[in-house]
Amino acid sequence: MYNEIVMDHFQNPRNIGEMTEPSGVGEVGNMKCGDIMKIFIKVEDGVIEDINFLTFGCGAAIASSSVLTEMVKGKTLEEALAITNKQVADELGGLPEAKMHCSNLAADALHKAIEDYRQKQTA
Amino acid sequence: MYNEIVMDHFQNPRNIGEMTEPSGVGEVGNMKCGDIMKIFIKVEDGVIEDINFLTFGCGAAIASSSVLTEMVKGKTLEEALAITNKQVADELGGLPEAKMHCSNLAADALHKAIEDYRQKQTA
Amino acid sequence: MKRIYMDHGATTPMREEVLEAMLPYLKEIHGNPSSFHSFGREARKGMDEAREKVARALGASSPEEIYFTSSGTESDNLAVKGIARALSSRGNHIITSSIEHHAVLDTVKHLGEEGFEVTFLPVDEYGMVDPKDLEAALTDRTILASIMMANNEVGTIQPVEEMARICHEKEVYFHTDAVQAIGHLPVNLEKQPFDLLSLSAHKFYGPKGIGALYVRKGTKIKQILFGGGQERKLRPSTENIPAIVGLGRAIELAVENIPEKSAALTALRDRLFKGLQEEIEDIRVNGHPTQRLPGNVNISVAYVEGESILLSLDLKGIAISSGSACTSGALDPSHVLMAMGLDHQTAHGSLRFSLGKENSEEEVDYVIESLKEIVERLRKMSSVYKK
Amino acid sequence: MKRIYMDHGATTPMREEVLEAMLPYLKEIHGNPSSFHSFGREARKGMDEAREKVARALGASSPEEIYFTSSGTESDNLAVKGIARALSSRGNHIITSSIEHHAVLDTVKHLGEEGFEVTFLPVDEYGMVDPKDLEAALTDRTILASIMMANNEVGTIQPVEEMARICHEKEVYFHTDAVQAIGHLPVNLEKQPFDLLSLSAHKFYGPKGIGALYVRKGTKIKQILFGGGQERKLRPSTENIPAIVGLGRAIELAVENIPEKSAALTALRDRLFKGLQEEIEDIRVNGHPTQRLPGNVNISVAYVEGESILLSLDLKGIAISSGSACTSGALDPSHVLMAMGLDHQTAHGSLRFSLGKENSEEEVDYVIESLKEIVERLRKMSSVYKK
Ligand SMILES: Cc1ncc(COP(=O)(O)O)c(C=O)c1O
Ligand SMILES: Cc1ncc(COP(=O)(O)O)c(C=O)c1O
């Protein structure tokens, strides 16, 4: 059901794990639909220097999180904010229709992490 | 669907044909259910000396008519009147359930023929 | 004894190529296509391919318009009742013909008992529905008309395209039961504006127990069986993969060279018609002289009853069917023949020969000769024979 | 890669003996059993024998109590809706459980939408229906209770005999969905007072696309599909003879030596349970500890989602299923697990292994080892892992 890119990210997910002292953390999803993604970012000079994820979810959720971390690393916050869930799915070469809604939320998690970072900055 | 006795009577029906100068004729059935039987009898001294049939109908109807003619020949009118459709079916070794109503009317035709004969006598 | 099968309208033998296509799915590829794993995926692949084959054979615009069911009967029920359930708030009038197969006819009757308004269009002496009658029957409460593409008993081919267009002018859905037509009449849904079409594999050398319903994209229809989410929720139950694969292969073969196959069958049919008419007195041709299925021969033999003929033919190894009530366990003879205006005697004496690809000229000739002999014999003992 | 199939609850591979029994009917014996001629008769003979086999396997008092359908789903729909249609003048209340297969559950829900009163009995944490709840739910408007013999997801075996007796005291019909039970639990309808029982051949090494409904003599029921007069008018459509013959052979084999087969499967099941519990932390057993189908293992793995486990197992050639919504295209996880009171996370992390006769101890051990590795890996990337 998944293409090779998705399966590669599912089998060899990039940038897994909790981050010590992240600049921002974003979490999306809920247990009802069975996907919870957590994105950790380290920001330096407006650039995402490092990014990690933890995901409870299906193959699509894990692969989306993984590919997002690759898409984002080294990008400015503005560039990162422009990334959409759709772009993440495209980067994976597409996801099954049924997975587009629940499991393809990595960009949302990223945006939340950036928000979190910005709130901390202004606090 | 039919047993061997029925098939024998169907393939080699006894006593077919119109009778010249019958003592009595009986006809039963109707086109709606697709069976019309005609029984011709020749009566002498209260005994059925000869009997013929003509039948438009299915295998069961033809076999019933045929076997009836064998059952009746040489019987007195009283004996013949006692013959029932059920006995005809039994003599055939049984008929399929669906055939018991429409196609198993030979005894009725015989009774009508006897009635016809008696009416002619009293006329 | 050599046996001759001329009852292809009842069911057909399965083609070897079809069994060959099915065998892997009867053996190693045993998964449930809804399953997530490799066993499920390989089953799903077979099913997807079959769906594409059916779509292609019918000229459907997408495989998603094809829904597999367990039979022609189920397809017909789903079409009629599924539309009725989906559109009951918009209207409650359904039109069909008086010569439909019972799968449509009795479903419509049942809806009638449930409170739907139902119209049964008459047919002429050839078993043909008049599109004008359909047009006149349409009301603004009409939601569906269901007219068969070709009749199973007398083979009459209906002007379904014209009737579909008439319905569409009034925004009424049109369903056609094509169970007898597939493989004999060309179907191309790109051009033929049917909203729904039923088929059944065992009528075109495919497996028994599998059918399909074509549902044009956008058509509002509801499920009639409840269960899992299979067939995009329109028809639940674990998919019958071997049969689905068989249906795919069978329809692919069935729509190959239809003009050539039809011509050959028509020639054989006409040889049978001609021979019967030449050799046997007092027989009547039932159905349309030209607008009829290539393999269908339906006649009524005066003065004799159909079952007794069938029985005699069977003793000679010849398999055909009849419209006689006596062969179906029904009380009345064929509703189709009665709707065409035949009297009871003529209907009871009706015979249907439905030819198929294995039949030969020799077989046809043998059948003519055998029937002649049988009819003579039965007429001799008939109580209604007029000579 | 060697593949391991532990998804027999979804469907089973067909036995060779079954295919062998079917082959003549896929080839030369191709007639329609309703046909009058020799081709029809030989097909009917195969069907009659199969019906006798099914009756014998179930301990039915007569083959006439067996009706062939296209599947378990259709049998369930026919039982529930067929009784509702037949008895609607007597009452309008139907009882079922909250853990039925959708074929029963959604049919009952649909009847609810149509105006029937419906009761969905709760289950305890083991997925067990309490007969007292059934007793309390009965009213003088109740016409039918439908409770499955064994649950397809968690394997819990229901006290159906007791429930049937409770119903009979109130003259209420009792239907049981035995789709998962046939071949695993002994069925003897001489002693078990069920009025209706559904089964589906592909769950016991028989063909797909064929099921049966047992209807005790005298039970009032109406058809739900309309068409010809097949199956004594209860289920029209040209009979699927090859599959019917296959069902007959499959059930004959399925009910042989049930005690021995069940003991062997139970031993394998318990080895799997034990190994999983010893090797993997934080897993929960779903379903009843003892009152469960011999081949059924259902667990929830904390902190990880079911589909990702299935996907990983599939990469190792291991085929199982899960109650995760992600594997079924549904929005919510399994209604069975939710009815048992599991929270969403636990339900999403549920796995079902359903063992069958080809599975070995080596396979079980390999599966334990593989799952351990996979769970460790997935927990490392889980956002909810607590350590
Ligand atoms: C015109 C027509 N429609 C529907 C059916 C029903 O098909 P099935 O018997 O496969 O359910 C048949 C054949 O029996 C038929 O000839
Ligand atoms: C308990 C139960 N009932 C009914 C069904 C439906 O059977 P089928 O898919 O053969 O229609 C299934 C399996 O899918 C089942 O497990």
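Each chain gets a letter, A, B and so on, in the order its sequence line appears, and its residues count up from 1.
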J.: So which of D:P13, D:G317, D:A103 has the biggest tally of heavy-atom pairs under 4.5 Å with chain C?
T.: D:P13
J.: Kindly indicate whether a cation-pi arrangement holds for C:K357 with C:Y205, taking the cut-offs as under 6.0 Å to the six-membered ring centre and within 45° of the axis.
T.: yes
J.: Considering only heavy atoms from C-beta outward, does the side chain of D:K316 approach that of D:I374 to under 4.5 Å?
T.: yes
J.: Pick one of side chain, backbone, both or neither for C:K109, based on which atoms fall under 4.5 Å of a heavy atom in chain D.
T.: neither
J.: Which bit of D:P236 comes within less than 4.5 Å of chain C, counting heavy atoms only: side chain, backbone, both or neither?
T.: both
J.: Highest number of heavy-atom pairs under 4.5 Å with chain D: which of C:T11, C:N77, C:N32?
T.: C:N77
J.: Does the side chain of C:H102 reach to within under 4.5 Å of the side chain of C:L105, using non-hydrogen atoms?
T.: yes
J.: Counting heavy-atom pairs under 4.5 Å to chain D, which of C:V104, C:I29, C:T238, C:L78 comes out on top?
T.: C:T238
J.: Quick check on the interface: out of C:M22, C:R41, C:K81, C:E239, who has the most heavy-atom pairs with chain D under 4.5 Å?
T.: C:R41
J.: Would you mind checking which part of C:L26 comes under 4.5 Å of any heavy atom in chain D, side chain (CB onward), backbone (N, CA, C, O), both or neither?
T.: both
J.: Does the side chain of D:Y67 reach to within under 4.5 Å of the side chain of D:R232, using non-hydrogen atoms?
T.: yes
J.: Flag the pair D:E20 and D:R249 as a salt bridge only when some basic side-chain nitrogen lies within less than 4.0 angstrom of an acidic carboxylate oxygen.
T.: no
J.: Taking the side chain as C-beta and beyond, is there a heavy-atom pair between D:F68 and D:R235 under 4.5 Å?
T.: no
J.: Using non-hydrogen atoms only, which part of C:E16 is less than 4.5 Å away from chain D: side chain, backbone, both, or neither?
T.: neither
J.: For the candidates D:S237, D:S200, D:P242, which exhibits the highest count of non-hydrogen atom pairs separated by less than 4.5 Å from chain C?
T.: D:S237
J.: Does C:Q223 offer a backbone N or O that forms a donor-acceptor pair with the side chain of C:R85 under 3.5 Å?
T.: yes
J.: Heavy-atom distances under 4.5 Å only: say whether C:N240 touches chain D with side chain, backbone, both or neither.
T.: both
J.: Tell me, for C:I4 versus chain D, whether the close heavy atoms (under 4.5 Å) come from the side chain, the backbone, both or neither.
T.: backbone
J.: Side chain, backbone, both or neither: which part of C:L311 has an atom under 4.5 Å from a heavy atom of chain D?
T.: both
J.: Please confirm whether the backbone N or O of D:G356 pairs with a side-chain atom of D:N359, one donor and one acceptor, at under 3.5 Å?
T.: yes
J.: Please look at C:T12 and chain D and tell me whether the side chain, the backbone, both or neither of the residue comes under 4.5 angstrom of a heavy atom of that chain.
T.: backbone
J.: For each of D:H202, D:E74, D:K208, D:K27, tally heavy-atom pairs with chain C at distances under 4.5 Å, and name the one with the top tally.
T.: D:K208
J.: Using heavy-atom distances under 4.5 Å, tell me whether C:A243 contacts chain D through its side chain, its backbone, both, or neither.
T.: neither
J.: Is D:E28 in contact with chain C via its backbone, its side chain, both, or neither, using a 4.5 Å heavy-atom distance?
T.: neither
J.: Counting only non-hydrogen atoms closer than 4.5 Å, does D:R15 touch chain C with its backbone (N, CA, C, O), its side chain (CB onward), both, or neither?
T.: neither
J.: Report the residue from D:S354, D:S350, D:S334 that forms a side-chain contact (heavy atoms from CB on, under 4.5 Å) with D:E153.
T.: D:S334
J.: Do D:H37 and C:D7 meet the criterion of a side-chain donor-acceptor pair at a distance under 3.5 Å?
T.: yes
J.: C:N151 side chain to C:I99 main-chain N or O, any donor-acceptor pair under 3.5 Å?
T.: yes
